[in-house]
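For reference, the structure discussed in these notes is given below.
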Amino acid sequence: MNRRIAVLLLPLLVAAAAGCTATGTEEPASPRPRAERPSPFEDCAKLTTPAIATPIAGAGTSSAAADATAGAEASSAATNGRAGDPLPELTLACFTGGAPIALRDVRGPAVINVWASWCPPCRKELPAFQRLSKRAGDRIHVIGVNSQDSRSAAQSIGEDLGVGFPMLVDQGTALQRALNRNAFPLTLLVDAQGRVVHTDASGALDDASLAELVREHLGVAVPA
């Protein structure tokens, strides 16, 4: 009887031994990839929804219309040198992911800042744009376009400076080429119809100069 039991148990003992051997030679599980740091920037989906602006009587709208019909000076030139042109037909990725944004679908009033982490004036003025986005609330969209930059560098700047407004990504120079501009930083003021009514490439902007540009060209009063 004992011999019969031993014969019956032998296959089970062999299988158990084989299982232990297989487990022992198994390659260790690959470590889980490190999660990316959460983006400091907001999602871009709201950019295609018109901002809720209450224009100042007699400001902004008439100025933009005059620029569109009479032309603008070099410092105010828009697409192809003509103020009042729509934003270029470009589609840019959103830093946070999700669906890319077609610039022609952006609805203003909006202030678009083109910047790069390696540009000192860009870094200097970004906090002023962040404060503008907070002070303006839903009356205007404040939008960043990170250009010719790495994701890690842009993310670090956003984290270090506390910048959180929506950020599009132009890995090359597509937007600047479409605007016939190669300077950094570059700021576009866009009206409710999606037309570029003013382009500024004068250097780092501060709170007061941004508030004045928004009042003059978009007709929206924002405290400096």
Let me have the donor-acceptor pairs involving side chains of residues 101-110, under 3.5 Å, with sequence neighbours excluded, atom names and distances please.
residue: Arg104; atom: NE; partner: Leu87; partner atom: O; Å: 2.2
residue: Arg104; atom: NH2; partner: Leu87; partner atom: O; Å: 3.3
residue: Arg107; atom: NH1; partner: Arg104; partner atom: O; Å: 3.0

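Across His217 and Leu189, no two heavy atoms sit closer than the pair CB-CD2, 4.0 Å. For the residue pair Trp118 and Asp149, the shortest heavy atom distance occurs at CD1-OD1, 4.1 Å. Between Asn146 and Ala116, the shortest heavy-atom distance links the atoms ND2-CA, 4.0 Å.
Checking side-chain atoms of Gln155 against main-chain N and O of Pro40 turns up no donor-acceptor pair under 3.5 Å. Judged by distance alone, with hydrogens and angles left aside, the side-chain atoms of His141 form a donor-acceptor pair with the main-chain N or O of Thr49 at under 3.5 Å. Panel note: side chain Arg215, backbone Leu210; no donor-acceptor pair is recorded below 3.5 Å. The main-chain N or O of Gln176 is never found under 3.5 Å from a side-chain atom of Thr173 such that the two would form a donor-acceptor pair. A distance-only check finds no donor-acceptor pair linking the side chain of Arg131 to the backbone of Leu126 [under 3.5 Å]. Arg123 places no side-chain N or O within donor-acceptor distance of the main-chain N or O of Ile157, the cut-off being under 3.5 Å. For Thr199 (side chain) and Val196 (main-chain N/O), no donor-acceptor pair under 3.5 Å exists by modelled atom type.
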Margin query: Show, in sequence, the C-alpha distance, side-chain angles and deciding distance for Ile140 and Val111, and conclude whether the side chain to side chain contact (heavy atoms under 4.5 Å, CB included) test is met.
Written below: CA-CA 7 Å; Ile140 60 174; Val111 177; 4.1 Å; yes
Query raised in the report: Stepwise, does the side chain to side chain contact (heavy atoms under 4.5 Å, CB included) test hold for Gln148 with Trp115?
Result: CA-CA 9 Å; Gln148 304 178 55; Trp115 67 282; over 6 Å; no
Inset, instruction - Evaluate the side chain to side chain contact (heavy atoms under 4.5 Å, CB included) criterion for residues Cys94 and Glu42: first the C-alpha distance (whole Å), next the side-chain angles of each, then the deciding distance (0.1 Å), finally the verdict. - result: CA-CA 9 Å; Cys94 181; Glu42 296 176 15; over 6 Å; no
Q | Residues Val222, Arg139; criterion side chain to side chain contact (heavy atoms under 4.5 Å, CB included); working and verdict | A | CA-CA 9 Å; Val222 179; Arg139 289 181 291 164; 4.3 Å; yes
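For Ser209, the side-chain hydrogen bond (donor to acceptor under 3.5 Å, both in side chains) test picks out Asp206, with sequence neighbours left out. Partners of Glu125 by side-chain contact (heavy atoms from CB on, under 4.5 Å), not counting sequence neighbours, listed by chain and number: Asn113, Phe129, Pro185, Thr187, Ala204, Leu205.
We find the CG-CD1 distance between Leu168 and Ile112 to be 7.5 Å, quoted to the nearest 0.5 Å. Distance check: Cys119 SG to Leu186 CG gives 10.5 Å after rounding to the nearest 0.5 Å. Atom SG of residue Cys44 and atom CZ of residue Phe95 lie 10.5 Å apart, to the nearest 0.5 angstrom. Here the CG-CE distance, from Asp43 to Met167, works out to 13.0 Å after rounding to the nearest 0.5 Å. Once rounded to the nearest 0.5 Å, the distance linking CG of Leu90 with CG of Asp170 reads 7.0 Å. With rounding to the nearest 0.5 Å, the separation of CD1 in Ile143 from OG in Ser133 is 11.0 Å.
Counting heavy-atom neighbours within 6.0 Å of Gln193 CD, excluding the residue itself, gives a total above 12.
Within the 4.5 Å cutoff, no side-chain heavy atoms of Glu216 are placed close to those of His198.
At a threshold of 4.0 Å, the pair Arg135-Asp207 counts as salt-bridged, since one of the basic side-chain nitrogens sits closer than that to a carboxylate oxygen.
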